[in-house]
Number of protein chains: 2
Amino acid sequence: MSTRSRTARRTVGITEVARHAGVSPGTVSNVLNRPERVAEATRLRVEAAIAELDYVRNSSGSSLRSGRSESVGLLVLDVTNPFFTEVARGVEDEAAESGLAVVLLNSAEARERQRRNVRLLAEQRAAGAVVMPIDDDLSDLVWLNRQGTAWVALDRGDVAEDVGCSVSVDNHAGGMAAGRHLIGLGHERATFLTGPFAIEQVRRRHEGLRAAFEEAGLDPDACVRVVEQPLLNPEQGERAVDAVLAGGPRQRPQAVFCANDQLALGVMKGLGQRGLRVPEDVSVVGYDNVDFADLVHPGLTTVAQPKYELGRTAMRLLNSELNHGEHVHERVLFTPELVVRGSTAAYRD
Amino acid sequence: MSTRSRTARRTVGITEVARHAGVSPGTVSNVLNRPERVAEATRLRVEAAIAELDYVRNSSGSSLRSGRSESVGLLVLDVTNPFFTEVARGVEDEAAESGLAVVLLNSAEARERQRRNVRLLAEQRAAGAVVMPIDDDLSDLVWLNRQGTAWVALDRGDVAEDVGCSVSVDNHAGGMAAGRHLIGLGHERATFLTGPFAIEQVRRRHEGLRAAFEEAGLDPDACVRVVEQPLLNPEQGERAVDAVLAGGPRQRPQAVFCANDQLALGVMKGLGQRGLRVPEDVSVVGYDNVDFADLVHPGLTTVAQPKYELGRTAMRLLNSELNHGEHVHERVLFTPELVVRGSTAAYRD
DNA sequence: CACCTGGATTGAAACGTGTCAATGAGCCGC
DNA sequence: GCGGCTCATTGACACGTTTCAATCCAGGTG
């Protein structure tokens with residue numbers, strides 16, 4: 001055990017570097033920010049001084065002066081969800097390339113916490129933010145925009161374009177792809193296992209599923225049942241099994257389409273515990289294609305989202321908004337892709 | 001589509017609030033930071049002005065003046081790993097309680113990137129950091145400390161105590177618990193499937209496993225084989241199956257202990273593809289107890305780490321270091337816990 | 001009434017950087 | 001050799017906040 005050395009290290013700033021190199025502070029600043037404006041000889045001299053004094057720039061000073069910091073926020077619904085972490089990686093990578101730091105903020109699906117985090121971003125004078133809003137109420141974000149911080153909405157295609165950019169995946173198409181797949185296998189009774197319908201993505205996936213049945217000349221009202229759970233995690237999936245199976249073998253769905261891989265994995269576990277086999281007795285389809293979907297047995301058929309690309313594109317959009325003076329809000333829409341694995345099979349009576 | 005409103009919103013600062021409330025800027029600052037020093041009447045007047053003008057404090061200004069910012073870094077090996085995300089949640093929660101923002105930085109297991117991130121923390125004059133170092137070379141972190149930024153090492157029990165605090169889990173005990181469990185089931189040929197031995201945690205787990213065999217009067221050199229892969233992800237686990245099975249049924253291990261749940265899940269998948277059943281033909285033990293360990297079939301027996309607590313404790317330690325002037329580096333060691341599920345069973349010839 | 005005390009408030013001086021108008025140094029062409 | 005030009009550099013100020021010594025005021029005491 002030893003005591004922390006409270007080194008009263010005198011802070012070396014731009015002015016000390018300047019003195020050491022025999023130039024003015026302004027020149028040092030130029031070397032740092034617009035090297036092309038300064039003659040090579042002096043630039044080298046300044047760089048030498050920087051190295052020798054082990055100078056590290058103080059970003060508080062610079063963002064105070066310039067009015068804007070060099071970090072962007074990533075406001076996420078739930079750090080734990082593997083879907084988001086993949087997105088985070090995309091944002092991180094793209095931000096790193098433009099020298100921006102990423103501040104991770106977790107709303108933990110709580111409105112109060114989202115509000116606090118938005119406020120934090122405003123206090124930091126963050127350059128921008130990539131945001132997954134907690135619900136349809138965007139007033140906090142509009143406020144943030146008025147404070148001068150730009151943002152891009154993620155996975156929320158319905159933001160009005162006069163409010164901000166958005167990057168999302170076509171949830172309707174995803175639901176439809178899942179529906180077509182099941183219908184193609186001969187299923188006619190499906191259950192949509194989902195989280196709260198307050199979440200827009202979830203609603204769209206449901207509509208897509210129904211559209212697929214309609215397209216095939218089947219009545220969605222008769223064919224598609226819904227089981228709604230309060231959260232989108234594995235435990236809730238497991239807990240929902242009884243509701244899913246309600247009605248006995250004649251009424252019971254031939255297939256379960258889950259709004260989420262986590263729900264799907266939970267439901268698969270629950271089905272197994274009740275002696276039902278996937279896919280022989282029930283087919284299961286998930287959504288997201290998290291890494292683990294490939295590792296369970298049987299592999300989970302699921303609607304894949306380009307998670308990494310999603311984050312990367314959002315950050316790229318944000319970047320372009322930050323650099324161009326004149327900016328027109330954009331809306332990028334990815335198309336999901338069905339990945340067929342072992343958890344779905346043709347229906348046989 | 002509409003053009004971003006470039007509102008030339010004049011910035012309202014502490015001085016404008018002061019004028020509006022008829023007090024001096026200093027008083028406003030006091031209201032914000034040490035409300036007890038200011039008389040109730042004026043405090044209320046200032047607060048009213050703040051609300052009316054929609055003032056939001058500028059953290060650049062305050063950290064410039066005070067010399068230290070109010071954010072802490074979380075330097076992580078790989079944002080994607082579910083182990084880290086759980087840790088992140090713990091850090092987040094604890095930081096939020098003390099009003100600190102968490103800056104997430106991803107080393108992506110690359111030394112160069114870790115270095116850049118450490119530099120970023122120094123530039124931000126971060127109050128502190130929770131760090132998972134990429135390898136044994138802590139020189140960057142020592143440098144960071146000299147810059148005045150304190151840190152707590154995570155999951156790295158071997159940092160010298162004169163360098164910094166650390167919070168970790170007893171990897172030796174974890175390996176031993178796994179070993180005892182397998183020996184108790186009658187296994188005498190085990191393979192340790194692992195990532196690079198350069199990682200300290202991995203080495204300790206291996207030693208623990210060997211210690212268990214020794215304790216039981218068995219020769220570790222004869223009983224424990226090692227298969228080393230370059231990375232700790234599922235794909236590598238799958239790829240390692242052939243190496244694990246080398247030697248045919250007589251030589252083949254009765255149990256595989258993996259340094260990581262991800263490896264374990266990969267190897268289970270690979271074993272299944274080759275027609276081997278878990279646990280009937282081979283027992284598998286993982287490490288970490290990620291959420292998904294409970295969802296595969298059979299459930300994965302694994303050594304659980306208190307992930308959330310780990311993060312939370314690290315942040316708490318950091319906090320105490322930041323607040324107390326005099327500080328003695330601490331070393332916290334958690335004990336892991338074996339969670340037995342279906343992937344392990346008694347050996348029968 | 002003069003004096004003291006202690007709490008509330010003030011004013012000015014930093015913190016480290018970016019910006020920009022002004023200055024200086026060289027160079028070319030007439 | 002001179003005016004005019006460009007490119008490099010300078011110097012001073014402003015950004016919004018915290019801090020701290022100095023000031024003010026009210027009330028109590030002798």
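Letters A, B, ... mirror the listed sequences (proteins, then strands); counts begin at 1.
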For B/R34, which contact category applies under a 4.0 Å heavy-atom criterion: base, sugar-phosphate, or nothing? sugar-phosphate
Contact class for B/S29 vs. all strands (heavy atom < 4.0 Å): base, sugar-phosphate, or nothing? base
Identify the heavy atoms of A/D78 and A/N106 that sit nearest to each other, and give their distance. CA-OD1, 3.6 Å
Closer than 4.0 Å, any side-chain N/O of [X] to the OP1 or OP2 of [N]?
X	N	result
B/N58	D/dT17	no
A/T27	D/dT10	yes
B/S66	D/dT18	no
A/T11	C/dG16	yes
A/S24	D/dT10	yes
B/T42	C/dT9	yes
B/R125	C/dC15	no

For [X] and [N], give me the distance from atom [atom1] to atom [atom2], rounded to whole Å.
X	N	atom1	atom2	answer
B/N33	D/dG16	CG	P	17 Å
B/Q124	C/dT17	CD	P	14 Å
A/R68	C/dT19	CZ	C1'	17 Å
A/R43	D/dC7	CZ	P	17 Å
B/R37	C/dA8	CZ	P	10 Å
B/E16	D/dT17	CD	P	11 Å
B/N30	C/dT10	CG	P	10 Å
B/I14	D/dC15	CD1	P	14 Å

Taking only the side-chain heavy atoms of [X] (C-beta and beyond), determine which of [options] contains the nearest atom.
X	options	value
A/Y55	C/dT17, C/dC15, D/dT17	C/dT17
B/S62	D/dT18, D/dG16, C/dG18	D/dT18
B/T15	D/dT18, D/dT17, D/dT9	D/dT17
A/R57	C/dG18, D/dT17, C/dG16	C/dG18

Just how far is it from atom [atom1] of [X] to atom [atom2] of [Y], taken to the nearest 0.5 Å?
X	Y	atom1	atom2	value
B/L317	B/S166	CG	OG	8.5 Å
B/S60	B/Q124	OG	CD	9.5 Å
A/N117	A/L144	CG	CG	11.0 Å

Lys/Arg-Asp/Glu bridge criterion (N-O < 4.0 Å) met for B/R43, B/E47: yes
Upstream residue (5' side of DNA chain C) when B/G61 and B/R45 are each assigned their closest nucleotide: B/R45
Let me know, please, whether B/A39 or B/L64 comes out on the 5' side of the other along DNA chain C by nearest nucleotide. B/A39
Partner of A/R312 under salt bridge (Lys or Arg N to Asp or Glu O under 4.0 Å), picked from A/E86, A/E97, A/E92, is A/E97
Presence of donor-acceptor pair under 3.5 Å, side chain of B/R65 and base of D/dT17: no
